[in-house]
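Written out below as structure tokens is the structure these notes cover.
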Amino acid sequence: MKSREAALEAINQEIAHCTRCPLHAGRTYPVPGAGPVAAEIMFVGEAPGFYEDQKGMPFVGRSGQFLDELLAGAKIDRQKVFVSNVIKCRPPGNRDPQPAEVEACRGYLERQIAIIQPEIIVTLGRHSMARAFPSEKISLVHGQPRRVAGQLYFPMYHPAAALHRPSLREAVEEDFRRLRALLDGQLTAQEYQPAPKSEQLSFF
Ligand code: URA
């Protein structure tokens, strides 16, 4: 049986040769994700940007610098968390991921989660949130820990949103304080009850 490290590395190799969607043609490097296989917290962003594409590493540009500050503020060691994205190749001009691209990449993220088995998945932005909470609005659920099918999630705004909209910055900082409280056992998660189909929103 493969070790968990080897299983993650096998996914990285598949992503390196992936041609499942047209984004592979424009990439410099794919960005599979980075961090220890035994990470207790997994952050899932949206898609690589310019600098991530240049380096093959997640969150190393402006959003990444802000994420580093937020992690430091919450006393979370970036070396101990796994950081990944919904899609692994940069969309042109940093546009939103398209449904077909999310679908093409879905298996990679699912397999990463299955191998890492994080205690908490922190979703950054609505595209990441939509995997677990397809019918929710990020403005209503950010900062609220929720359990879905046994997995604990903590949805947050994307750091880039706070960089573009200063009014969101305080919300993002407060969410990181709440994440710290969750880790310290001072905040409890609710079981997630999806809204009835008729009330569900769709992003796509
Ligand atoms: N934004 C993301 O969603 N992911 C990255 O890796 C970088 C910026």
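For ligands, and for the atoms within them, numbers begin at 1 and follow the listed sequence. Here, residue 1 is the first one in the sequence, and each next residue gets the next number.
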Problem set entry | Connected via hydrophobic side-chain network under 4.5 Å: V83 and L163 | yes

Problem set entry | Basic-acidic side-chain contact under 4.0 Å: R177, E170 | yes

Problem set entry | Cluster overlap V60 with I15, hydrophobic side-chain contacts below 4.5 Å | no

Problem set entry | Protein heavy atom at shortest distance from atom 2 (C) of ligand 1 | A47 O, 3.0 Å

Exercise. In the protein, which heavy atom is nearest to atom 4 (N) of ligand 1, and how far is it?
Worked result: N85 OD1, 2.8 Å

Seminar exercise, completed: ligand 1 atoms nearer than 4.0 angstrom to some heavy atom of G45 are 3 (O)

Problem set entry | Polar proximity ligand 1 side, E52 side, N/O cut 3.5 Å exclusive | no

Problem set entry | Carboxylate-amine/guanidinium proximity below 4.0 Å for R126 and D96 | yes

Problem set entry | Interfacing atoms of ligand 1 (cut-off 4.0 Å, heavy-atom, E46) | 2 (C), 3 (O)

Exercise. Between F43 and F82, does the ring centre distance come in under 6.0 Å?
Worked result: no

For this session: Over 60° means perpendicular and under 30° means parallel, so classify the ring planes of Y157 and H142, tilted if in between.
Result: tilted

Problem set entry | Per-atom contacts of ligand 1 with H158, taking only distances under 4.0 Å to non-hydrogen atoms | 1 (N), 2 (C), 3 (O)

Exercise. Quick check: does P48 get an N/O under 3.5 Å from an N/O on ligand 1?
Worked result: no

Exercise. Heavy-atom contact under 4.0 Å between A160 and ligand 1?
Worked result: no

